[in-house]
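Presented below is the structure to which this report refers.
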Number of protein chains: 2
Amino acid sequence: MRLVSTLRTPAVIVQRPVVARNLTRMADRAQARGLALTPHIKTHKNSGLARWQVESGAAGIMVSKLGEAAAMLAGGLPHQFIGYPLIGPQQEARLAALVAQGLKPRVAVDSEEGVVLVEHVSAGTGVTIPVMVEVDTGFHRCGLEDVDAVRRLAEFARTRGIPVQGITCFGGHISHRSDPAEIIRLVQAESEILARMRDSLERAGFADLVVSEGGTVPAGYLDAVTAATEIRPGTYIFNDVAIVKAGAATWDDCAAQVLAEVVSTPAATRAVIDAGSKTLAGDGPIDESFGYIVERPDLKIERISEEHGVVVRRDGGPTGLKVGDRVHVVPNHVCTMINLHDQVVLADGDTIVGTLAIEARGTVR
Amino acid sequence: MRLVSTLRTPAVIVQRPVVARNLTRMADRAQARGLALTPHIKTHKNSGLARWQVESGAAGIMVSKLGEAAAMLAGGLPHQFIGYPLIGPQQEARLAALVAQGLKPRVAVDSEEGVVLVEHVSAGTGVTIPVMVEVDTGFHRCGLEDVDAVRRLAEFARTRGIPVQGITCFGGHISHRSDPAEIIRLVQAESEILARMRDSLERAGFADLVVSEGGTVPAGYLDAVTAATEIRPGTYIFNDVAIVKAGAATWDDCAAQVLAEVVSTPAATRAVIDAGSKTLAGDGPIDESFGYIVERPDLKIERISEEHGVVVRRDGGPTGLKVGDRVHVVPNHVCTMINLHDQVVLADGDTIVGTLAIEARGTVR
């Protein structure tokens with residue numbers, strides 16, 4: 001029996017009992033409200049965990065790019081919501097190949113080019129591929145903001161014979177906040193936008209529309225989610241500092257942690273751990289720290305280099321850390337952290353119970 | 001003959017002629033001043049490029065962690081400066097195994113624990129392993145700041161029979177600046193600290209000391225480098241936005257670029273490209289942008305998500321970009337960008353001439 005405490009550092013440890021609890025809780029919460037649960041697998045990129053999500057009550061999975069779609073299809077998961085705009089002849093050929101291999105996708109679109117790509121793939125493969133029109137609820141990334149533009153794109157899809165299954169959004173502007181009242185206000189505003197978009201489409205003759213909302217933070221405030229029929233959280237399987245700060249999880253819900261070791265204590269007030277931006281990812285500081293040190297919340301990771309984390313005490317006093325000491329770090333953003341690693345350790349407390357390959361790691365195309 | 005312009009995006013393109021020029025220029029510059037050149041391979045993590053560096057005039061290579069050391073040893077590069085503190089029984093066993101396989105290391109130390117580890121490995125393998133005492137010249141990461149502490153650690157090594165080959169530093173506090181006068185002042189101050197440390201060790205009886213300075217930015221201001229006998233730049237092989245902003249390279253010297261495609265134009269003033277923090281890395285904005293768009297310096301990447309870059313015009317006007325348009329992006333920090341990819345494309349202009357495996361990718365242990 002190998003023990004976590006004997007691993008070389010830095011090591012990414014995923015606690016299986018915490019994952020189990022996170023999956024069950026979200027599935028129960030969605031079921032209690034009659035919401036379909038379609039987890040985004042970009043957080044873990046492992047088909048075994050994706051299958052576990054489906055077995056725990058998820059209706060299907062969401063992926064971003066086709067590289068993730070291919071990895072998940074190979075892992076036995078054909079029902080996928082592809083949430084990323086597919087554009088151009090290369091993506092068209094690749095989607096067609098995946099559909100020929102058994103992929104059953106629905107695809108987000110926010111342009112006529114995206115609809116035409118789906119039309120071509122449907123015609124070429126003989127497989128009906130519905131689209132979800134992406135709407136902008138305030139994040140101002142992809143998605144159409146104007147209600148008439150959304151209706152016109154849906155009507156364009158209808159004229160090309162492509163089924164419009166519904167509308168989709170990602171409220172990224174809600175995700176990096178820490179005031180619950182503000183989060184609730186933004187989730188309510190998102191719900192109102194989604195309802196207005198849906199009503200407009202229904203007046204134009206579209207029926208049985210799926211209204212799909214992304215993000216673990218809104219999924220933590222379901223009282224304010226009034227228009228959606230589907231939620232697509234990703235981070236909830238592991239959680240991270242951003243999710244805890246937004247009030248959508250607790251530290252005990254953070255399933256993926258980096259085990260790091262003190263390698264240098266050049267001053268009493270400063271220690272250096274062997275986890276930097278190539279281990280934790282470079283997402284900016286939260287609460288002045290590049291991660292939450294589980295054993296010592298009085299410390300912060302003040303700066304990171306590629307392989308170094310510079311640790312100081314929040315009050316400036318001596319850290320008390322010695323060379324060789326080990327700490328567990330909850331990453332600020334678990335999705336980018338996991339994406340740095342080829343495999344991570346699955347554990348139950350200090351007992352190693354397996355290895356998780358990050359199968360879709362690096363599949364940015 | 002495959003062409004870069006036919007690649008699926010996002011793709012990382014390394015221009016071979018630019019690499020050749022960067023390697024030759026740095027080697028010539030070091031040789032003209034009688035400085036040993038020991039490039040840090042963490043930027044590219046590819047043993048073929050490391051061998052090219054040695055063939056172009058480098059005296060050896062530098063690595064951070066033992067995972068990089070193992071990959072470079074397997075690639076035929078035994079002479080390595082291991083610049084990262086090696087601590088604990090696991091690193092000791094691993095270093096011993098690598099030395100048994102032919103590694104000829106010197107090792108940075110900033111603690112007695114580090115010296116004792118080297119002593120154990122030397123005793124166990126019968127191979128003499130010199131140490132370089134790491135000094136802090138103002139970055140306040142690893143390294144000893146006090147001149148007497150440096151001398152005491154060197155004397156400790158001598159009492160344990162470990163040769164002290166010299167002193168080493170990394171002036172990270174110099175690297176992220178854009179005012180040449182300020183950079184020159186800091187490089188001069190670093191040189192003065194290094195000279196003081198060296199003089200103190202010479203008075204204590206240490207001779208023939210290597211004085212080693214890291215970083216591509218100081219290597220761009222060699223008039224101010226007056227104490228060093230060795231330089232260890234890493235980023236210079238590719239360069240990036242930070243290096244250009246510091247005046248140590250030009251845009252034409254940026255050998256590694258991300259080819260990205262516009263996937264969404266939801267507003268005339270906003271376009272979305274298919275490169276985000278999982279492609280470009282999450283290092284913070286420089287000049288308000290998460291990368292430099294070669295074709296369109298009037299644009300900036302205002303925000304990134306995992307797979308999205310949100311592009312706007314600096315003056316707020318229409319971007320002029322259409323879905324399907326392609327751009328080349330110089331990353332803010334090329335070392336963390338490269339580390340996200342399993343392989344990158346080697347090109348000469350639009351012609352693909354090979355593939356570079358990022359062999360030591362993910363070797364954070």
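Throughout, a chain's letter reflects where its sequence line sits, starting with A, and its residues are numbered from 1. All values below come from the heavy atoms of this structure, side chains included, with hydrogens, waters and symmetry mates left out.
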With a 4.5 Å heavy-atom cut-off, do [X] and [Y] have their side chains touching?
X	Y	value
B:Arg361	A:Arg361	yes
A:Cys142	B:His308	yes
B:Phe139	A:Arg303	yes
B:Val364	A:His341	yes

Side chain / backbone / both / neither for [X] at chain B, heavy atoms under 4.5 Å:
X	value
A:Asp146	neither
A:Glu134	neither
A:Gln343	neither
A:Arg94	side chain
A:Val310	side chain
A:Asp110	side chain
A:Glu306	side chain
A:Gln91	side chain
A:Lys65	side chain

Could you tell me which portion of [X] (side chain, backbone, both or neither) has an atom closer than 4.5 angstrom to a non-hydrogen atom of chain A?
X	value
B:Glu261	side chain
B:Glu68	side chain
B:Arg270	side chain

**OP:** Against chain B, work out which of A:Ala11, A:Gly324, A:Gly143 has the most heavy-atom pairs shorter than 4.5 Å and name it.
**Re:**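 Most pairs with chain B among the choices: A:Gly143.
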Subject >> Largest heavy-atom contact set with chain B, pairs under 4.5 Å, which of A:Lys42, A:His140, A:Arg141 >> reply: A:Arg141
**OP:** State the OG-NZ distance between A:Ser64 and B:Lys278, to the nearest 0.5 angstrom.
**Re:**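 Here the interatomic distance stands at 7.0 Å.
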Subject >> Distance (rounded to the nearest 0.5 Å) between A:Asn339 CG and B:Ser277 OG >> reply: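 The CG atom of A:Asn339 sits 8.0 Å away from the OG atom of B:Ser277.
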Original post:
What closest approach, in Å, do B:Val263 and A:Tyr84 show between heavy atoms, and which atom pair accounts for it?
Top reply: CG2-OH, 3.8 Å
Subject >> Close contacts, residues 331-338 of chain B versus chain A, judged by heavy atoms under 4.5 Å >> reply: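 Listed by number, the contacting residues are B:His333, B:Cys335, B:Thr336.
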With a 4.5 Å cut-off on heavy-atom pairs, point out which of [options] contacts chain A the most.
options	result
B:Gly114, B:Pro10, B:Gly282	B:Pro10
B:Ile304, B:Val272, B:Asp283	B:Val272
B:Ala149, B:Ser305, B:Ala275	B:Ser305

Original post:
Hey, are A:Thr9 and B:Arg365 close enough side-chain-wise for a donor-acceptor pair under 3.5 Å?
Top reply: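 No, no side-chain donor-acceptor contact under 3.5 Å.
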